[in-house]
Amino acid sequence: MTVSEEITVLELRERAWSGAQGTLKYLHDDEIEQILSILDDSSCEPMSMTCLNDFLWFETNTIAEWLGFSSFEDIMNRED
């Protein structure tokens, strides 16, 4: 069974697990909002928390591309 819900950036940061937590620690809140917006706009069906978590964990290069970076390593190595 898939249960989908609205989620804020703060809730996502608190509820993500494993590799998704590692991804989120390198992203600013506005970048996470941008990713969530793109996912929301591009999906015909709501995404479960597990699917969102897996996307954040395994699709880091897609995330980097969406945010205008060449790779996720560029995000990790940026100076804030």
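Computed from a predicted model, the values in this text were never measured in an experiment.
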What are the two closest heavy atoms between [X] and [Y], and how far apart are they?
| X | Y | result |
| --- | --- | --- |
| Ile75 | Ala64 | CD1-CA, 3.8 Å |
| Arg13 | Leu27 | NH2-O, 2.6 Å |
| Tyr26 | Glu31 | O-OE1, 4.3 Å |
| Gln34 | Trp66 | NE2-O, 3.4 Å |
| Ala16 | Asn53 | CA-OD1, 3.4 Å |

Glu11 atom CD, over 12 foreign heavy atoms within 6.0 Å: yes
Atom [atom1] of [X] and atom [atom2] of [Y]: how far apart are they, to the nearest 0.5 Å?
| X | Y | atom1 | atom2 | value |
| --- | --- | --- | --- | --- |
| Ser71 | Asp74 | OG | CG | 3.5 Å |
| Leu67 | His28 | CG | NE2 | 10.5 Å |
| Glu59 | Leu52 | CD | CG | 12.0 Å |
| Asp54 | Ser48 | CG | OG | 8.0 Å |
| Leu56 | Thr62 | CG | OG1 | 11.0 Å |
| Glu33 | Asp40 | CD | CG | 11.0 Å |

Pairwise side-chain contact, Met76 with Phe69, heavy-atom cut-off 4.5 Å (strictly under): no
Count I, L, V, M, F, W, Y as connected when their side-chain heavy atoms are under 4.5 Å apart, and connections chain through other members. Are [X] and [Y] then in the same cluster?
| X | Y | answer |
| --- | --- | --- |
| Trp57 | Leu39 | no |
| Ile35 | Phe58 | no |
| Met47 | Ile7 | yes |

